Structures are given as structure tokens and as C-alpha cells.
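Note that the structure is predicted; figures quoted are calculated from it, not measured. Heavy atoms only: backbone and side chains are in, while hydrogens, waters and symmetry mates are out.
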Amino acid sequence: MPQAVEALYHDGIVELKQKPAGIRRARALVVFLDADEAPNRHAVDLVKVRKKKSAVDKWIGVIEGAELEDWKAERRAALERKVP
């Protein structure tokens, strides 16, 4: 038989305020009634976005001509030298 029990949710954990009567194991539905923080939504100014350089545009010239080779192997070797 369905029962409703008040609970609090935080950091991925649901804490029941009281133990449900006669239930040891059961499927459950969680309905969030309200949130502590309202999402901060605002309109995007597309004109402003179009005027800004993209992240890729900012790096053109810096990446061009860079020798990336095997940077993972170099990083791994540097980390292994630090291990006592």
C-alpha cells in the first residue's frame, strides 16, 4: 500500500524524517516539492556573443607551429621523476 513520508534531499542523499511503517524494502518515487536555490536564468544577448572571439579564435597562432609530439609521455615521465 503506498505511503508518503517527508524527506530531505542533499548531495545525492534522501533522508527520511520518519521510518515508513511496515516497509523493509520497496520501490519508491521521489518528487521534489521545492528547491533551496532557484536557477539563475537570464537572456543571452546574441549580438554580444557574435562580437566576441571564440575560444578557438583566441588560440589561433598560439597553437600554430607548436610541437605537441607526445606530451602525455613527457608529463608521465615528469610525474614519475617526482615519486620518491
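In this structure, the side chain to side chain contact (heavy atoms under 4.5 Å, CB included) partners of Gln18, at least two apart in sequence or on a different chain, are Val5. Residues passing the side chain to side chain contact (heavy atoms under 4.5 Å, CB included) test with Lys17, sequence neighbours excluded: Glu6, Leu8.
Hydrophobic clustering, defined by side-chain heavy atoms of Ile, Leu, Val, Met, Phe, Trp and Tyr closer than 4.5 Å, groups Leu33 together with Val31.
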